[in-house]
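Report on the following structure.
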Amino acid sequence: MTSELCKSLQASGIRFVRFTWCDNANVIRAKAAHIGVLEENLEHGIGITASLQAFPVMFDMVIPESGLTPTGEVWLMPDLPTLDILPYAPSHARVMGDIFQNGEPWPLCPRYFLKRAIAEAKKEGLEVMAAFENEFYLLKPSSEGIVPADDTVYASTLGMDLNWPVIDAIADALLDQNIVVERYYPESAPGQHEISIRYSSALEAADRQIIFRETVRGVALQKGLRASFLPKILANAAGNGCHLHLSLWQEGQNIVAFPKVPGELSQTARAFIGGIIQHLPALMALTTPSSNSYRRIRPHFWSGAFRAWGFDNREGAVRVPSNPTAPSPTHFELKTSDASANPYLALGAVIAAGLDGVRRNLDPGDPVAIDPGNIPEEERKAQGIDPLPNNLGDAIAQLRQDKVLLDALGPELAQAYLAVRSAEWEAMKDMELEEEVKLLLERY
Ligand code: GLU
Ligand code: MG
C-alpha cells in the first residue's frame with residue numbers, strides 16, 4: 001500500500017513529505033522525507049531526539065527541569081489519512097506525526113494526550129466536536145519593519161476589497177485540504193482578519209488548527225505578506241483570539257440543549273461548562289500559555305477576561321450562543337484561548353476539565369447576562385465571579401496545583417510542559433511588548 005502511495009505522490013510531483021508535529025512551546029515543526037526514501041520512512045518513521053519536547057519558544061535548547069536530555073530517540077510515525085499536498089508549496093506534502101518510543105505511543109506526544117482525553121470522554125458515553133476560531137494579522141514588510149497590511153475596522157468592506165486576493169487564496173487552499181470554510185470578515189484591529197471553519201471531531205479539529213496556521217502563513221508568504229496569530233501585537237488594538245468552540249454528542253446526537261426547555265443547557269453540558277469554569281485558572285496555562293497571552297485578556301476586549309459564563313455574552317470566559325430556531329443552544333465557546341496554545345494540549349486539557357465537571361456534576365453557577373467588566377468589583381466578588389490569572393506565572397502556579405489536569409497530562413508530559421512554559425515565563429516576564437513581539441511575531 002505504501003509503495004502505491006509513494007508512486008502516486010511521485011506522479012503528483014511531490015519531492016518531500018513533511019512529518020509534522022507541534023511541540024510544548026507550540027512551534028510547528030517537521031522533518032521531511034525525500035520521495036526517494038519515503039517508503040521506508042513511512043514504514044519505520046523518522047527519528048527525532050526526545051529532547052525536542054524540552055525546547056522553549058525562544059531558542060533550540062533543552063530545559064533541564066523538563067526531565068528530558070539530548071539522549072534518547074523517539075519516532076515520528078505518519079498518520080496516513082492526514083497526508084495532504086500543500087497547496088502553498090505544491091512539491092511538498094504534510095502528514096501528521098504520532099510520536100512513538102520503543103514501538104509504543106510516547107506519553108509526551110501531544111497528539112497522544114488528546115487521543116487519551118477523547119478515550120476518557122468515550123468512557124462517559126461522550127464524543128466532543130470542536131473548532132478553533134482563529135483571528136490573525138496580515139502584515140507587510142516596510143521601511144519601518146513589519147507593519148499591518150491595512151488600517152481598517154471590524155467587518156469593513158474596504159478591508160475586504162484591499163485583501164480579497166490573499167483571503168480567497170487562503171480559502172481555496174483550506175478547501176483543497178478538505179476544510180470547509182464558513183465565514184470571513186476583517187476583524188477590528190489594523191490588518192486583522194478572521195476566517196472560520198467547520199467543526200469536526202476533536203482530533204481532527206486540532207489537526208485542522210495546525211493546517212490552518214500553516215496555510216494562512218504559507219499563502220501570505222506567497223503573496224509577499226506575513227501572517228501572525230500572536231495574541232497581542234499592538235498595545236491599543238484588539239488582540240488575536242482563538243476561541244475554542246465545543247459541542248457534546250451521544251450516539252450521533254447533539255446533547256448540548258435541554259430537551260424540555262427551549263434555550264436551556266442540558267445537565268451534561270452545564271456540568272461540562274462547570275468543569276471548565278472550575279479548572280479555568282489552571283487550564284489557562286494550556287489555553288493561553290504565552291507571556292504575551294495575558295496582554296490580550298482584558299475587560300471590554302471580548303477576550304474572556306472573567307471566570308463566568310453566559311448566553312450570548314461576549315465578555316465571559318464561556319459564551320453559549322443561542323440559535324434563532326430549535327435546537328438551541330447547540331454548542332459553547334471558550335474565549336480564554338489563543339493560538340499560542342498547542343491545540344492538542346489545549347483541547348485535551350479542556351476535555352479533561354469538562355469531564356471532571358460531568359463526573360462530579362459541577363454547577364457552573366448562574367449565567368451572567370451583563371458585561372462583568374461593568375459590575376463593580378465588590379459586587380462581582382459577591383456573585384462569585386473571581387478574577388482570572390493576569391500573567392502566565394500565576395496560571396502556571398495554578399496548573400502545578402491542579403491534580404485533575406496533572407493526572408490527565410501524566411507525570412512526564414506535565415513535567416516537560418511545565419518546565420518549558422516556566423522557562424518562557426522567566427525569560428519574558430519583564431519584556432516590554434515591543435521586544436516580546438519581535439521575538440514571537442513569526443513563531444505563532
Ligand atoms: N479579538 C477578540 C479576542 O481577543 C475577539 C473578538 C470576537 O469576539 O470575535 O478574543
Ligand atoms: Mg472575532
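- Side chain to side chain, Ser291 and Glu436 meet the donor-acceptor criterion of an N or O pair below 3.5 Å.
- Under a 3.5 Å cut-off, the side chain of Glu315 and the backbone N or O of Phe306 do not form any donor-acceptor pair.
- The heavy-atom pair separating Ala408 from Ala352 by the smallest distance is CB-CB, 3.7 Å.
- A 4.5 Å side-chain heavy-atom check between Arg111 and Ile99 finds every atom pair outside the cut-off.
- Proximity of Val128 to Ile118: side-chain heavy atoms (C-beta onward) are nowhere separated by under 4.5 Å.
- Asp79 places no side-chain N or O within 3.5 Å of a backbone atom of Thr82 that could act as its donor or acceptor partner.
- With a 6.0 Å radius and a threshold of 12 heavy atoms from other residues, nucleotides or ligands, Glu251 has its CD atom at or below the threshold.
- Under the side-chain hydrogen bond (donor to acceptor under 3.5 Å, both in side chains) criterion, Asp430 pairs with no residue at all, not counting sequence neighbours.
- Among pairs with a residue in residues 222-233, those fulfilling salt bridge (charged side-chain N to carboxylate O under 4.0 Å, His left out) read Arg226-Glu442, at least two apart in sequence or across chains.
- Contact annotation: the side chain of Leu441 approaches that of Leu139 to within less than 4.5 Å [non-hydrogen atoms, C-beta and beyond].
- His34 pairs by the side-chain hydrogen bond (donor to acceptor under 3.5 Å, both in side chains) definition with nothing, not counting sequence neighbours.
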Check against side chain to side chain contact (heavy atoms under 4.5 Å, CB included), Arg208 and Arg198: CA-CA 10 Å; Arg208 285 180 179 190; Arg198 181 68 52 83; 4.3 Å; yes

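- Leu433 and Leu234 make their closest contact through CD2-C, 4.2 Å (heavy atoms, listed as atom of the first residue, atom of the second, distance).
- With sequence neighbours excluded, the residues that form a side-chain hydrogen bond (donor to acceptor under 3.5 Å, both in side chains) with Asp394 are Asn391.
- You'll find the side chain of Thr49 stays beyond 4.5 Å of the side chain of Val62, heavy atoms only.
- For Lys31, the salt bridge (Lys or Arg N to Asp or Glu O under 4.0 Å) criterion is met by no residue, not counting sequence neighbours.
- In terms of modelled atom types and a separation under 3.5 Å, the side chain of Ser91 and the main chain of Arg15 share no donor-acceptor contact.
- No donor-acceptor pair closer than 3.5 Å links the side chain of Asn134 to the backbone N or O of Cys242.
- Within the structure, salt bridge (charged side-chain N to carboxylate O under 4.0 Å, His left out) contacts touching residues 36-60 (residues at least two apart or in different chains) are Arg29-Asp60.
- Side-chain N or O atoms of Glu133 include none that pairs as donor or acceptor with a backbone N or O of Ser196 at under 3.5 Å.
- Put simply, the side chain of Asn24 gets close to the backbone of Gln53: a donor and an acceptor are under 3.5 Å apart.
- Checked against side-chain hydrogen bond (donor to acceptor under 3.5 Å, both in side chains), Gln10 has no partners two or more places apart in sequence or in another chain.
- Counting only distance, with no hydrogens or angles, the side chain of Thr287 and the backbone of Thr336 share a donor-acceptor pair below 3.5 Å.
- Closest of all the heavy-atom pairs between Ile14 and Pro90 is CD1-O, 3.4 Å.
- Under the 3.5 Å distance criterion, the side-chain polar atoms of Asp176 are left unmatched by any main-chain donor or acceptor of Pro87.
- The two residues Ala269 and Val256 have their closest heavy-atom pair at CB-O, 3.7 Å.
- Among residues two or more places apart in sequence or in another chain, the salt bridge (Lys or Arg N to Asp or Glu O under 4.0 Å) test is passed with Arg421 by Glu424.
- Identified under the ring-ring contact (aromatic ring centres under 6.0 Å, His included) test for residues 54-81, with sequence neighbours left out: none.
- When atom types are taken as modelled, the side chain of Gln177 and the backbone of Ala173 share a donor-acceptor pair closer than 3.5 angstrom.
- By the 30° and 60° cut-offs, the orientation of the rings of Phe332 relative to Phe272 is tilted.
- Between Tyr294 and Thr288, the side chains place a donor N or O and an acceptor N or O closer than 3.5 Å (distance only, hydrogens not considered).
- Between Tyr88 and Arg94, the closest heavy-atom pair is OH-NH2, 3.2 Å.
- The environment of Tyr199 atom OH is sparse: at most 12 non-hydrogen atoms of other residues, nucleotides or ligands sit within 6.0 angstrom.
- Counting heavy atoms from C-beta outward, Tyr154 and Pro186 have side chains that stay 4.5 Å or more apart.
- Judged purely by distance below 3.5 Å, without hydrogens or angles, the side chains of Ser266 and Thr268 never pair a donor atom with an acceptor atom.
- Under the 30°/60° scheme for interplanar angles, the aromatic rings of Phe229 and Phe212 are found to stand perpendicular.
- Tyr444 places a side-chain heavy atom less than 4.5 Å from the side chain of Arg213.
- Side chains of Ser422 and Arg400: a donor-acceptor N/O pair is present below 3.5 angstrom, by distance only.
- In this structure, Tyr112 and Glu104 have side chains that are not in contact, with every pair of non-hydrogen atoms separated by 4.5 Å or more.
- Defined by atom type and a distance below 3.5 Å, a donor-acceptor pair is missing between the side-chain atoms of Asn292 and Ser290.
- For Arg319, the salt bridge (Lys or Arg N to Asp or Glu O under 4.0 Å) partners two or more places apart in sequence, or in a different chain, are Glu333.
- By the 4.5 Å heavy-atom criterion applied to side chains, Thr2 and Leu38 are not counted as neighbours.
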Going by atom type alone, with no hydrogens or angles, which donor-acceptor pairs under 3.5 Å involve a side-chain atom of residues 355-363 and a protein atom two or more places apart or on another chain?
unit_1	atom_1	unit_2	atom_2	d
Asp356	OD2	His279	NE2	2.7
Asp356	OD2	Arg360	NH1	2.7
Arg359	NE	Glu124	OE2	2.7
Arg359	NH2	Glu120	OE1	3.0
Arg359	NH2	Glu124	OE2	3.2
Asn361	OD1	Gln267	NE2	2.8
Asp363	OD1	Arg270	NH2	2.7
Asp363	OD1	Gly365	N	2.9

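- A donor-acceptor pair is defined here as one N or O able to donate and one able to accept, closer than 3.5 Å; no such pair exists between the side chain of Gln192 and the backbone of Phe136.
- With sequence neighbours excluded, no residue forms a salt bridge (Lys or Arg N to Asp or Glu O under 4.0 Å) with Arg116.
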Test side chain to side chain contact (heavy atoms under 4.5 Å, CB included) on Asn342 and Phe113 and set out the steps. CA-CA 11 Å; Asn342 174 312; Phe113 167 64; over 6 Å; no

Pair Ile297-Asp338, side chain to side chain contact (heavy atoms under 4.5 Å, CB included): steps then yes or no: CA-CA 10 Å; Ile297 300 169; Asp338 67 49; 5.6 Å; no

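- Across all non-hydrogen atoms, the minimal contact from Ala423 to Ile63 is CB-CD1, 3.5 Å.
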Residue pair Val17, Asn41: steps toward the side chain to side chain contact (heavy atoms under 4.5 Å, CB included) verdict: CA-CA 10 Å; Val17 176; Asn41 285 183; over 6 Å; no

